[in-house]
Protein chains: 2
Amino acid sequence: MIITWKVGGGLKDKLKEYEQRMTEANFKLTSQRRLILRVLLENINEHLSAEEVYQLVRERNPRVGLATVYRTLELFCELGILHELNFDNNCRRYELEQGDYHHHHLICLKCGKIIEFSDYILKDLEGYIDREYNFDVVDHRIKFYGYCSDCRIESKD
Amino acid sequence: MIITWKVGGGLKDKLKEYEQRMTEANFKLTSQRRLILRVLLENINEHLSAEEVYQLVRERNPRVGLATVYRTLELFCELGILHELNFDNNCRRYELEQGDYHHHHLICLKCGKIIEFSDYILKDLEGYIDREYNFDVVDHRIKFYGYCSDCRIESKD
DNA sequence: ATACGTGCAAACTATTTGCAGCGCC
DNA sequence: GGCGCTGCAAATAGTTTGCACGTAT
């Protein structure tokens, strides 16, 4: 499998934007961090784990260490560039912050497929929680479990 | 701290109900499983981790092994007695199935407090997902992140 | 030049597994 | 009495950390 260094037009802008956020926060722009960011951008529709990011990074530069990947992912989370996802597996997955693109996940109990689901309906609910629980909601995550279109017809075991 | 073996009236019934579910599924009702179930019932409002269950179990019977706790929690999940929760920590937490009592969690970003939040509003959303994504929702989990009543006034750092 | 960042290996934490013996049905 | 269950210890998986060296600013 050959992977080029090409990044589509929109991605290049995003790359710059994220890199700017890093320098503004006084973090150094090392080749490792750029590479990890690039891998995340090129797989923006995936929900990669640390190990998966590591593998993709190593295809480009085998000298990068796993610890660096972990440290960088943690840094990106602190900068708000990345979001940590806790599906029910044993590992954390990550997805890039994508501005206004709010979405949640539909998780198939049979094949494990994860489908993104955009919503705006939940804003009402947040107002209700504020009034009822005096809880200031700043973010939410929803996971729906069930059977996707491929699996719902077959037996659910 | 003294912990008695007393279980409130309603809890005794629940204990029986859960134990019945185990025997019906042809699993043996060992003293370890009863004890773990009892601990879960007595802490029904907590979201205990495996390690916490283990500690509570050992106060009653120090001979129970950690592996047994893990195996039993897994068994209870399979039987539908328990639900596994993935908060953003590094460990899984568990809560007893409580029939119709559907609820989700409000997670305070400052103090980590977890508040339960019951909802019926989301049923509408499930119908929408079925129609729009052809996805058969059988369960859902929502997590709202924000600041609880104690923390929202203070600075959010 | 000098903090900050990195690679490596070792440590750590949560969880799982293999196996000999114990105990519920 | 047999097979499932248990305790122990060792194995595993994911992640974190200490340290000497490297490098972006």
Side-chain angles (χ1 to χ4, degrees), chain A residues 15-16 18-39 47-79 81-82 84-94, chain B residues 15-16 18-39 47-79 81-82 84-94:
Chain A
L15 197 59
K16 285 267 184 290
Y18 290 132
E19 288 180 357
Q20 190 183 338
R21 249 200 269 188
M22 283 187 52
T23 48
E24 275 170 8
N26 282 323
F27 289 104
K28 291 186 177 161
L29 213 51
T30 65
S31 64
Q32 292 90 334
R33 286 174 180 173
R34 292 176 112 108
L35 179 49
I36 291 168
L37 198 47
R38 190 179 274 271
V39 160
H47 305 98
L48 299 176
S49 66
E51 185 65 34
E52 284 164 356
V53 171
Y54 178 59
Q55 293 307 331
L56 290 166
V57 162
R58 297 206 81 160
E59 291 177 10
R60 305 263 179 84
N61 180 359
R63 308 204 37 180
V64 176
L66 179 57
T68 298
V69 172
Y70 275 105
R71 282 186 283 227
T72 303
L73 293 176
E74 190 188 1
L75 172 66
F76 288 174
C77 285
E78 281 166 19
L79 291 175
I81 291 175
L82 261 194
E84 198 179 291
L85 304 174
N86 289 79
F87 298 127
D88 288 313
N89 319 327
N90 306 321
C91 72
R92 307 176 195 173
R93 298 193 162 272
Y94 297 87
Chain B
L15 196 59
K16 286 267 184 290
Y18 290 131
E19 288 181 356
Q20 190 182 339
R21 250 199 268 187
M22 283 188 51
T23 48
E24 276 170 7
N26 283 323
F27 290 103
K28 290 187 176 161
L29 212 52
T30 65
S31 65
Q32 292 91 334
R33 288 173 178 172
R34 294 178 110 108
L35 179 49
I36 291 169
L37 198 47
R38 190 179 273 270
V39 161
H47 304 98
L48 300 176
S49 65
E51 185 66 33
E52 284 164 356
V53 171
Y54 177 59
Q55 292 307 332
L56 289 166
V57 162
R58 297 206 82 166
E59 291 177 11
R60 304 264 180 82
N61 180 359
R63 309 205 37 182
V64 176
L66 179 56
T68 298
V69 172
Y70 274 104
R71 282 186 282 229
T72 304
L73 293 177
E74 190 189 359
L75 173 66
F76 288 175
C77 285
E78 281 165 19
L79 290 176
I81 291 175
L82 260 195
E84 198 178 291
L85 303 175
N86 289 78
F87 298 128
D88 289 314
N89 320 326
N90 307 320
C91 71
R92 307 176 194 171
R93 298 191 162 273
Y94 297 86

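Letters go in sequence order (proteins before strands), and every chain restarts at 1.
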Counting C-beta onward and ignoring hydrogens, is there a side-chain heavy-atom pair between [X] and [Y] closer than 4.5 Å?
X	Y	answer
Leu73(A)	Arg92(A)	no
Val57(A)	Gln32(A)	no
Leu37(B)	Phe76(B)	yes
Glu59(B)	Leu56(B)	yes

Gap between atoms [atom1] and [atom2], on [X] and [N] respectively (whole Å):
X	N	atom1	atom2	answer
Glu78(A)	dG5(C)	CD	P	11 Å
Leu73(A)	dT16(D)	CG	P	10 Å
Glu52(B)	dT13(C)	CD	P	15 Å
Arg58(B)	dG7(D)	CZ	C1'	10 Å
Leu79(A)	dG5(C)	CG	P	11 Å
Leu35(B)	dG23(C)	CG	C1'	16 Å
Asn61(A)	dG7(C)	CG	P	7 Å
Leu75(B)	dG4(D)	CG	C1'	12 Å

side-chain contact (heavy atoms from CB on, under 4.5 Å) between Leu66(A) and Glu51(A), intermediate numbers included: CA-CA 8 Å; Leu66(A) 179 57; Glu51(A) 185 65 34; 4.1 Å; yes
Phosphate-side-chain proximity, Arg33(B) and dC24(C), N/O vs OP1/OP2 below 4.0 Å: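 It does not, given that no N or O in the side chain of Arg33(B) lies less than 4.0 Å from OP1 or OP2 of dC24(C).
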Quick one: [atom1] on [X] to [atom2] on [Y], what's the gap to the nearest 0.5 Å?
X	Y	atom1	atom2	result
Gln55(A)	Glu52(A)	CD	CD	9.0 Å
Leu82(A)	Ile36(A)	CG	CD1	10.0 Å
Arg93(A)	Glu84(A)	CZ	CD	12.5 Å

Pair Val53(A)-Tyr94(A), side-chain contact (heavy atoms from CB on, under 4.5 Å): steps then yes or no: CA-CA 9 Å; Val53(A) 171; Tyr94(A) 297 87; 5.8 Å; no
Are there any protein N/O atoms within less than 3.5 Å of an N/O atom in nucleotides 16-18 of chain C, and if so, which ones and at what distance?
{"unit_1": "dG18(C)", "atom_1": "O6", "unit_2": "Arg71(B)", "atom_2": "NH1", "d": "3.4"}

Nucleotide-resolved protein contact map, nucleotides 20-25 of chain D, B/S/- at heavy-atom distance under 4.0 Å: ----BS
